[in-house]
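To start, the structure under review is shown below, and the notes come after it.
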Amino acid sequence: MLKMSTLLLRTLRDDPADAEVASHRLLVRAGYVRRIAAGIYSWLPLGYITYRNIEKIVREEMDAAGFQEVHFPAMLPKEPYEKTNRWDEYGDDLFRLQDRRKNDYLLGPTHEEMFTLMVKGEYSSYKDLPLSIYQIQTKFRDETRPRSGIIRGREFVMKDSYSFDLDDEGLAISYEKHRAAYIKTFTRLGLKFNIVSAVSGAMGGSRSEEFLAPCSTGEDTYVLCEKCGYAANVEAMVTKVAPYSGSTPSAPEVFDSPNTPTIDTLVELLNTKFGPGHKGSDTLKNVMLMADKKAISVLVPGDREVDLKRLQANMPGVKEIRVFEDADFAKFPGLVKGYIGPQDAKKNGIEVLADPRIVVGSHWITGANVKDQHVRFLTNGRDFAVDRYIEAAEVRAGDTCPECATPVIIDRAIEIGHIFQLGRKYAQALDLTVLDKDGKSRVVTMGSYGIGVSRAVAAIAEQTHDEIGLSWPREVAPADVHIIATGKEDEVFKTAQTLAEDLEEKGLRIMFDDRRDPSAGVKFKDSELIGIPFIVVVGKALAEGKVEFRIRKSGEKQEIELLKAVSAIYAAVTAS
RNA sequence: CGGGGCGUAGCGUAGUGGCUAGCGCGCUUGCUUUGGGAGCAAGAGACCGGGAGUUCGAAUCUCCCCGCCCCGACCA
């Protein structure tokens with residue numbers, strides 16, 4: 001039983017000045033966490049109980065799925081990470097340290113290497129596979145910008161699993177098992193979530209999905225089709241367009257277009273010059289970019305911007321993409337800033353990437369590569385060539401679903417889980433092989449699966465809180481029932497104490513506000529802030545032999561006969 | 001890393017060169033109060049983020065450093 005008279009807890013009346021998002025604000029105010037440094041937090045008793053409840057659910061679901069729990073150190077030697085090249089690739093995000101002999105160590109940001117080596121050390125036959133193992137571990141990433149309290153910290157707890165299979169079919173099965181286990185886990189945690197397609201990125205692998213918990217303060221943006229259920233991270237959103245069906249126009253026609261620095265001004269000129277009805281989407285925007293020192297041109301309809309994040313996600317292997325600067329233009333005298341068209345790209349030695357909307361046969365109004373001149377009827381396939389199609393244009397609400405062509409909606413969310421088929425990268429680099437039936441050595445294929453355990457505390461808080469405080473799902477809450485004794489008569493406190501003991505006897509987890517000094521109002525406010533799902537008030541109504549039963553979420557209140565209180569409360573709580 | 005903001009008691013804050021740094025919450029003691037963050041009285045608690053400088057005098061001005069928050073970039 002948690003007794004508030006002795007619980008290490010001080011709730012705050014004011015919002016902390018350094019907290020912006022709701023979960024952060026409330027977790028601090030309700031005395032769950034305290035900030036130690038940027039992105040580094042301590043857990044107070046209430047917070048740690050809540051955290052452990054979540055951890056327990058995650059662990060139970062992993063175990064139930066047949067995955068085995070292991071545990072690695074947080075502090076790791078450099079060597080395995082050098083073999084996979086991540087000692088360098090991870091860059092400044094890696095926390096590095098040295099021992100007294102000046103040997104290099106790191107604080108693990110993720111543990112692919114260690115898991116791979118563990119399996120390599122024990123197993124060497126196909127008969128040992130498949131295998132899925134996991135750990136719940138503190139990870140360290142020196143994020144350039146930790147933010148939103150415990151949503152993005154530099155030290156956080158992650159459950160990471162890895163599956164090991166002989167072949168792709170096996171990997172697909174392991175992947176499905178994890179997917180199913182994740183659905184159970186997040187459902188039990190009381191989270192609303194969407195499973196969305198994600199970009200596998202540089203790691204390769206054939207399939208990757210994210211579990212996103214919708215929430216306005218989330219950092220991820222995703223699209224959702226309410227009709228067919230298609231969901232994708234905007235980075236992975238696919239643009240589906242019909243082939244060009246119009247007629248092919250006559251030869252391109254160059255025209256004067258002074259003072260048209262923006263698409264809007266160009267459209268205005270077009271409407272004056274060639275009659276009304278021209279739209280930004282009739283024009284073609286040529287965005288010049290540098291991708292790891294290579295100049296590329298990205299073609300998008302004039303009414304859209306290039307989404308650099310999406311572009312990057314769809315260019316695996318490319319580390320840095322930035323917009324053209326004056327110095328870059330200087331290197332390409334054929335490019336007339338503000339009047340660039342794709343006609344001369346080949347001549348200028350520039351690769352042309354295009355949004356799928358720029359279909360073959362379609363014609364566009366775009367720059368003529370001459371100052372103050374544009375061209376119309378410039379036709380894809382005839383007047384210019386696209387080297388490669390790419391998803392790089394910004395995604396908007398109302399864009400069409402690639403599955404069923406319904407307009408999609410856009411929402412923000414917190415990434416709470418990520419599953420993906422890793423493939424053989426790590427097994428290859430660390431030489432994890434097994435002998436197959438024929439005695440031939442084969443590289444194992446892996447899957448990687450993560451749940452942000454500490455982040456889940458914040459995600460649940462984000463989705464469940466209201467104006468007055470936290471409001472946890474029962475299994476996550478630090479207790480099932482919050483019993484408040486009000487007034488000053490010993491009788492009230494004795495009755496409350498007995499009620500608490502009886503309910504605890506029945507297996508409920510109880511928090512008992514047995515403080516003598518604070519007024520009833522203070523205790524009510526605290527209980528609402530702390531967010532335990534059921535509140536029982538023993539006080540005024542006791543004179544009539546009653547106690548008050550409240551439901552935190554709905555605010556419903558009812559009086560219950562004291563004599564029936566234990567069974568009535570037990571029934572109400574366990575039915576929830 | 002670029003842009004913006006902030007740093008005064010456990011928390012929230014006032015204080016733009018002048019006396020002993022002010023207030024609210026919280027904390028301690030006493031009395032009163034007791035169903036929606038009670039009242040009165042008396043207390044404890046601050047090297048004003050750190051360092052250097054300007055000045056008769058610095059929380060306040062200057063320089064350097066450190067830390068924190070927000071937007072962006074970044075985030076297997």
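Just so you know, these numbers use all the heavy atoms, side chains as well, and skip hydrogens, waters and symmetry mates. Chain identifiers are assigned alphabetically (A, B, ...) following the order of the sequence lines, protein sequences preceding nucleic acid strands; residue numbering begins at 1 within each chain.
For the atom pair CZ (A:Arg29) and CZ (A:Arg25), the distance works out to 8.0 Å, reported to the nearest 0.5 Å.
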Could you go through nucleotides 11-14 of chain B and list every protein N or O atom that sits under 3.5 Å from one of its N or O atoms, giving the distance for each pair?
unit_1, atom_1, unit_2, atom_2, d
B:G12, OP1, A:Ala17, N, 2.9

Provide a list of protein-nucleic acid N or O atom pairs under 3.5 angstrom, restricted to nucleotides 2-9 of chain B.
none

Side chains of residues 413-420 of chain A: which donor-acceptor pairs under 3.5 Å do they make with residues two or more places apart or in other chains?
unit_1, atom_1, unit_2, atom_2, d
A:Glu415, OE2, A:His418, ND1, 3.4
A:His418, NE2, A:Ser208, OG, 2.9

Under 3.5 Å, which donor-acceptor pairs do the side chains of residues 523-539 of chain A form with other protein atoms, sequence neighbours left out?
unit_1, atom_1, unit_2, atom_2, d
A:Lys523, NZ, A:Ala485, O, 2.6
A:Lys523, NZ, A:Arg515, O, 2.5
A:Asp526, OD1, A:Thr11, OG1, 2.7
A:Asp526, OD2, A:Arg515, NH2, 3.1
A:Ser527, OG, A:Phe524, O, 2.8

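Scanning for side-chain hydrogen bond (donor to acceptor under 3.5 Å, both in side chains) contacts around A:Asp303 gives an empty result, with sequence neighbours left out. Taking the side-chain hydrogen bond (donor to acceptor under 3.5 Å, both in side chains) definition, one finds that A:Thr84 meets it with A:Glu113, sequence neighbours left out. Contacts of A:Glu55 classified as side chain to side chain contact (heavy atoms under 4.5 Å, CB included), with partners at least two apart in sequence or in another chain: A:Tyr51, A:Arg59, A:Ile136, A:Val453. Residues satisfying the side-chain hydrogen bond (donor to acceptor under 3.5 Å, both in side chains) criterion with A:Thr221, sequence neighbours excluded, are absent altogether. In terms of the side chain to side chain contact (heavy atoms under 4.5 Å, CB included) criterion, residue partners of A:Gln558 (sequence neighbours excluded) are, by chain and number, A:Phe549, A:Ile560.
For the OP1/OP2 pair of B:C74 and a distance below 4.0 Å, the side-chain nitrogens and oxygens of A:Gln312 include at least one atom meeting the criterion. Side-chain nitrogen and oxygen atoms of A:Thr110 include none within less than 4.0 Å of the OP1 or OP2 phosphate oxygen of B:A76.
Across all strands, A:Lys523 comes closer than 4.0 Å to no nucleic acid atom at all (heavy-atom distances). Among the protein residues, A:Glu219 comes within range of no part of the nucleic acid, since none of its heavy atoms lies under 4.0 Å from any strand.
Using a 4.0 Å cut-off on heavy atoms, the residues of residues 147-159 of chain A that approach RNA chain B are A:Arg147, A:Ser148, A:Arg152, A:Met158, listed by number. Applying a 4.0 Å cut-off to non-hydrogen atoms, the residues of residues 36-44 of chain A that approach RNA chain B are A:Ala37, A:Ala38, listed by residue number.
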field: Nucleotide-level pairing of RNA chain B, given in dot-bracket where Watson-Crick and G-U pairs need both distances under 3.5 Å and | marks other strands
entry: ((((((((.[[[[.)..(...]]]].((((((.....)))))).....[[[[[..)....]]]]])))))))....
